[in-house]
Amino acid sequence: TNGGEYFNPTGIDCGANPYFYSDPSDKNIIFASNMRSEDGGNSWKEMNDCDYVLTHNPVSPNELFGVKGNSIVISYDKGNKWQRLVNIGSPALDLSYDYLQSALYAAVGDRLLKYYIKDGTLEECISAEHSNRFGENLISLVETDPLYPNVIYAGGRSDEYTNDSSVLISENSGKNWYVVSSNPNNQALGSSCQGGIQPVDMILSKNRELIVFSAKFGIHKFSAYNPE
């Protein structure tokens with residue numbers, strides 16, 4: 001509450017789900033794992049039907065999306081109540097919303113899935129042609145461009161080597177992809193390597209930069225794709 005000058009402990013142990021989110025329309029409502037606060041973090045209540053919150057609908061901020069087990073869940077009342085949308089077979093590590101198609105992208109570790117809310121269709125977006133030379137798709141992050149929702153960024157990392165397809169971009173809603181960052185040799189971590197990003201998070205800034213936070217190689221910036 002003081003711009004980061006000092007911090008007060010909350011006493012909350014997020015355990016295996018260290019996910020944090022804030023309500024886009026009410027700064028007093030924040031989420032830490034399956035805990036919810038209405039007073040800026042002074043007091044907390046457990047959410048029984050949501051393990052963690054990951055994203056919202058940018059054109060309808062009252063719609064929050066989270067995860068419960070292997071299911072994607074939705075709330076229409078700032079996280080008070082949650083209902084199941086779809087079981088995707090694995091816990092989502094990241095979610096991002098395309099408001100033009102009313103679709104959710106779900107990164108589940110080895111795949112990127114796309115769920116169409118209106119008709120309930122679930123499809124896989126990234127195929128084997130975008131896997132690294134070990135045949136792996138490492139997808140733990142996804143970001144939809146809020147200005148151009150047909151532009152999607154996805155990424156992931158290995159804990160053993162620098163992934164040669166760590167950040168991907170699609171310009172047509174996930175139909176085709178190409179690699180933004182590369183490390184041709186898939187070198188082992190700890191070696192003298194070039195090009196490996198190992199992303200643990202990424203955001204699209206207001207000044208149109210894709211900022212990628214790396215596990216071992218600092219912070220990287222890429223110019224965001226602009227269709228014009």
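- Atoms CD1 and SG, on I139 and C125 in that order, are 10.0 Å from each other to the nearest 0.5 Å.
- Pairs passing the ring-ring contact (aromatic ring centres under 6.0 Å, His included) check and including a residue from residues 62-107, sequence neighbours excluded, read F65-Y97.
- Within the 3.5 Å criterion, the main-chain N or O of D23 finds no donor-acceptor partner in the side chain of D26.
- Annotation for G79 and M47: closest pair O-SD, 3.8 Å, computed over non-hydrogen atoms.
- By the rule that hydrophobic residues join a cluster once side-chain heavy atoms approach within less than 4.5 Å of another member, I74 and V86 end up as members of one cluster.
- Rounding to the nearest 0.5 Å places CD1 of I152 at 3.5 Å from OG1 of T144.
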Are R208 and D145 close enough, and set up right, to give a side chain to side chain contact (heavy atoms under 4.5 Å, CB included), and what steps lead you there?
CA-CA 9 Å; R208 306 294 298 157; D145 191 321; 2.7 Å; yes

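- Residues passing the side chain to side chain donor-acceptor pair (under 3.5 Å) test with Y21 are H56, sequence neighbours excluded.
- For the atom pair CG of D110 and CD of E124, the computed distance is 7.5 Å after rounding to the nearest 0.5 Å.
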K78/R36 under side chain to side chain contact (heavy atoms under 4.5 Å, CB included): CA gap, chis, key distance, verdict
CA-CA 10 Å; K78 301 181 183 294; R36 178 180 181 272; 4.0 Å; yes

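- Hydrophobic clustering (side-chain heavy atoms under 4.5 Å, transitive across Ile, Leu, Val, Met, Phe, Trp, Tyr) keeps L85 apart from Y116.
- One finds the CD atom of E63 at 9.5 Å from the CG atom of L104 (value rounded to the nearest 0.5 Å).
- In this structure a side-chain-to-backbone donor-acceptor pair under 3.5 Å is present from D94 to V142.
- A donor and an acceptor atom, one from each side chain of S96 and D98, are nowhere located under 3.5 Å apart.
- E171 meets the salt bridge (Lys or Arg N to Asp or Glu O under 4.0 Å) test with no other residue; sequence neighbours excluded.
- For F31, there are no ring-ring contact (aromatic ring centres under 6.0 Å, His included) partners two or more places apart in sequence or in a different chain.
- The structure places OG of S22 at 10.0 Å from CD1 of I29, a figure rounded to the nearest 0.5 Å.
- With rounding to the nearest 0.5 angstrom, the CG atom of L168 is 9.0 Å from the CG atom of L112.
- Shown here for P91 and Y52, the closest heavy-atom pair between the two residues is CB-OH, 4.0 Å.
- The cluster map of Ile, Leu, Val, Met, Phe, Trp and Tyr, joined by side-chain heavy atoms under 4.5 Å apart, puts L95 and V73 in different clusters.
- A distance-only check finds a donor-acceptor pair linking the side chain of S75 to the backbone of K81 [under 3.5 Å].
- Scanning for side chain to side chain donor-acceptor pair (under 3.5 Å) contacts around T121 gives D119, with sequence neighbours left out.
- Residues C50 and G66 approach most closely at SG-CA, 4.1 Å, considering heavy atoms.
- Residues passing the salt bridge (Lys or Arg N to Asp or Glu O under 4.0 Å) test with K114, sequence neighbours excluded: none.
- A donor-acceptor pair under 3.5 Å is formed between the side chain of K68 and the backbone N or O of N48.
- In this structure, S140 contributes its side chain and G109 its backbone to no donor-acceptor pair below 3.5 Å.
- One hydrophobic cluster, built from ILVMFWY side chains closer than 4.5 Å, holds both L204 and V151.
- Closest approach of G89 and N70 over heavy atoms only: O-ND2, 3.5 Å.
- Proximity of a side-chain donor or acceptor of S37 to a complementary backbone N or O of S43 within less than 3.5 Å is detected.
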Determine, stepwise, if the pair L122 / L113 fulfils side chain to side chain contact (heavy atoms under 4.5 Å, CB included).
CA-CA 7 Å; L122 183 67; L113 304 176; 4.1 Å; yes

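- Formation of a donor-acceptor pair under 3.5 Å by the N34 side chain with backbone atoms of E46 is not found in this model.
- Minimum heavy-atom separation, P61 to S25: CB-CB, 4.5 Å.
- Under the 4.5 Å side-chain heavy-atom criterion for ILVMFWY residues, no single connected hydrophobic cluster contains both I72 and V53.
- For R84 against S71, the heavy-atom pair with the smallest separation is CD-OG, 3.2 Å.
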